[in-house]
There are 2 protein chains.
Amino acid sequence: MVSAPSLPPISGLSSTVCVVTGGLGFIGSNLVHALAAAGAQVRVIDALVPEHGGDRRNVAGLEGVETIEAAIGDAVVAEAVADSDVIFNVAGQVSHLASMTDPLRDLELNTRSHVAFLETVRRVRPAARVVLTSTRQVYGRPERLPVDELHPVGPVDVNGIDKLACERFHLLYGKVHGLRPTVLRLTNVYGPRQNLCKDDLGVLPVFVRLALRGEAIKLFGDGSQRRDCLYVADVVDAAVAAALTDDAIGEVVNIGNTVSWTLREIAEAIVVTTSSTTTLPTTPWPADLERIDIGDFQCDISKAARLLGWQPTVDIGIGMQRTAAFYGEHPWYLSSI
Amino acid sequence: MVSAPSLPPISGLSSTVCVVTGGLGFIGSNLVHALAAAGAQVRVIDALVPEHGGDRRNVAGLEGVETIEAAIGDAVVAEAVADSDVIFNVAGQVSHLASMTDPLRDLELNTRSHVAFLETVRRVRPAARVVLTSTRQVYGRPERLPVDELHPVGPVDVNGIDKLACERFHLLYGKVHGLRPTVLRLTNVYGPRQNLCKDDLGVLPVFVRLALRGEAIKLFGDGSQRRDCLYVADVVDAAVAAALTDDAIGEVVNIGNTVSWTLREIAEAIVVTTSSTTTLPTTPWPADLERIDIGDFQCDISKAARLLGWQPTVDIGIGMQRTAAFYGEHPWYLSSI
């Protein structure tokens with residue numbers, strides 16, 4: 001069994017039936033580990049889309065976990081959802097660049113399939129709590145920092161438009177059809193069980209891979225953009241807290257960190273942690289990435305503290321140490337394609 | 001040839017190639033008449049979706065108009081768009097209730113097909129001006145009146161979410177791919193060439209049909225909700241002005257009226273105009289409509305005045321007279337199903 005470092009037991013979800021869509025992916029599989037450890041009966045729905053980060057090995061050996069290989073829009077998921085208590089809806093495409101080169105595919109994965117899924121939930125299990133993991137990308141380039149939930153939305157790429165529509169559908173189905181959704185807008189997340197070998201699943205896994213391989217981490221521009229990275233165990237805690245808090249029904253909640261670092265500082269933290277000989281050269285922005293870049297970002301997470309009683313607990317130094325230790329114990333993450 | 005009352009010649013578009021998607025429908029066909037009268041070469045793209053208001057008779061006998069029966073997402077539209085100067089993208093589903101009962105269909109018609117269309121335009125004719133007709137429905141229930149373009153968006157139904165995503169895709173393709181879009185958010189529109197016989201294409205055509213048939217117009221609740229209705233010729237003028245104004249590229253512009261009326265007042269105006277014996281009883285709100293109702297609405301159209309030099313010119317009394325006269329001359333609109 002793959003170890004699940006630092007995930008606390010979640011007593012409130014023991015003996016419940018939890019569905020995790022995208023449960024073979026990065027955040028989803030960390031949730032699955034935590035829920036299984038808490039004694040929940042877990043059903044994973046994952047389409048194992050080849051370009052994405054899902055892998056059956058992420059949940060291999062876990063007891064009480066059933067995996068259904070299906071897209072969330074498929075009719076077959078109705079049975080898995082029918083007696084569920086909580087649905088963690090984590091499935092989706094995260095690549096911003098892929099959303100720009102194949103916008104219809106992103107619309108399918110991040111919006112249309114979710115509408116189909118919501119129709120299924122509405123039909124077979126409207127009483128389930130639904131926690132959607134969305135993204136701070138829906139804010140686009142911030143007008144002010146830190147960004148609270150009242151900050152105007154303004155997605156700068158197809159992925160952001162589709163995720164925002166997905167959020168709106170969840171909230172609408174809450175208001176009109178009686179579903180019980182909570183939307184979490186996540187910042188950049190890092191930690192165990194992240195696919196490190198694909199280049200467009202986020203900047204952090206690429207940094208981790210390059211550091212662990214001793215390869216140069218190229219920083220676009222001057223590497224001065226700020227990000228409020230979050231260790232995945234903190235995200236898991238937030239998602240569980242949301243599921244257990246009726247006050248969060250119908251709400252949008254930022255899940256980020258209380259501090260931010262420049263991408264250069266983040267890269268340096270990874271290099272120090274991994275004792276890597278990696279260098280950090282700068283390179284001009286590629287045009288296709290620069291035009292959808294959002295500049296500095298820092299969440300305001302006071303709503304999460306107020307509604308969910310949640311705050312991040314893992315410092316970036318500690319989180320990166322755990323991350324490096326995990327990949328040291330599970331080297332296949334570094335060799336997969 | 002069907003007469004086109006009150007549409008001024010549009011000298012700026014003579015000898016241009018104009019594409020009108022949804023050009024067999026209500027607003028689209030009125031645009032086609034105006035463009036043809038101005039000497040433009042017009043290509044209509046219309047899927048003639050059975051539930052919608054499109055009808056070939058709306059443009060019958062017009063010279064210089066070619067009709068392509070296709071969905072805008074179809075590959076076949078590339079040829080029609082390839083040498084176009086202006087694209088009026090009017091195609092879409094307008095029924096709010098249908099969007100709630102078949103959300104996947106609305107997403108297809110109001111979002112996915114538009115992304116496919118934008119990909120086509122991007123590929124074959126990125127230099128064309130694109131004018132998208134959207135809806136004030138994207139604002140949802142107003143927080144304040146009148147509603148300007150800085151008012152927060154908050155769609156209250158599937159149709160509004162899909163139209164808002166459609167807007168965002170148009171603007172994104174402007175920013176990232178160099179397209180030249182303008183988004184018009186239309187209020188309730190009435191006038192000639194509207195399908196009167198379907199119940200879910202808007203409250204105004206239903207009122208007109210019932211008055212012309214001498215049947216009771218049932219007002220939901222007390223009929224006190226306010227709407228800033230607009231005569232279709234004014235909308236045509238606004239769309240043409242947008243196409244001719246580079247200052248409007250990348251902009252969202254409200255197209256509504258400077259005054260509003262209660263639905264009861266609007267019904268009374270129709271009854272007086274048509275010398276109808278229609279009664280105006282009230283009836284409780286149907287639940288499925290009440291939960292997506294937006295209350296009073298009044299646009300702020302100062303941005304349209306500033307950017308487009310546009311303002312409405314047709315008083316509701318005059319507009320309703322013209323509307324009644326048109327349907328008197330073209331009785332098939334009242335007998336179609």
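No hydrogens, no waters, no symmetry mates; every other heavy atom, side chains included, goes into these values. This one's a predicted model, so the numbers in the text were calculated from it and none came from an experiment. We name chains A, B, ... by the order of the sequence lines, and we start the count at 1 in each one.
Counting heavy-atom pairs closer than 4.5 Å to chain A, the top residue among B:Glu108, B:His177, B:Arg291 is B:Arg291. Ranked by heavy-atom pairs under 4.5 Å with chain A, the first of B:Val158, B:Asp157, B:Val115, B:Ile161 is B:Ile161.
Atom CG of B:Asp162 and atom CZ of A:Arg168 lie 11.5 Å apart (nearest 0.5 Å).
When every heavy atom of B:Thr111 is checked against every heavy atom of A:Leu107, the shortest pair comes out as CG2-CD1, 4.1 Å. Listed here is the closest heavy atom pair of B:Leu104 and A:Ala116: CD2-N, 3.9 Å.
Heavy-atom distances place the backbone of A:Val156, and not its side chain, under 4.5 Å from chain B. Only the side chain of B:Leu164 comes within contact range of chain A, with heavy atoms under 4.5 Å apart.
Crowding of A:Glu290 atom CD: a count of heavy atoms from other residues, nucleotides or ligands under 6.0 Å exceeding 12.
Scanning residues 124-145 of chain B against chain A with a 4.5 Å heavy-atom cutoff picks out nothing at all.
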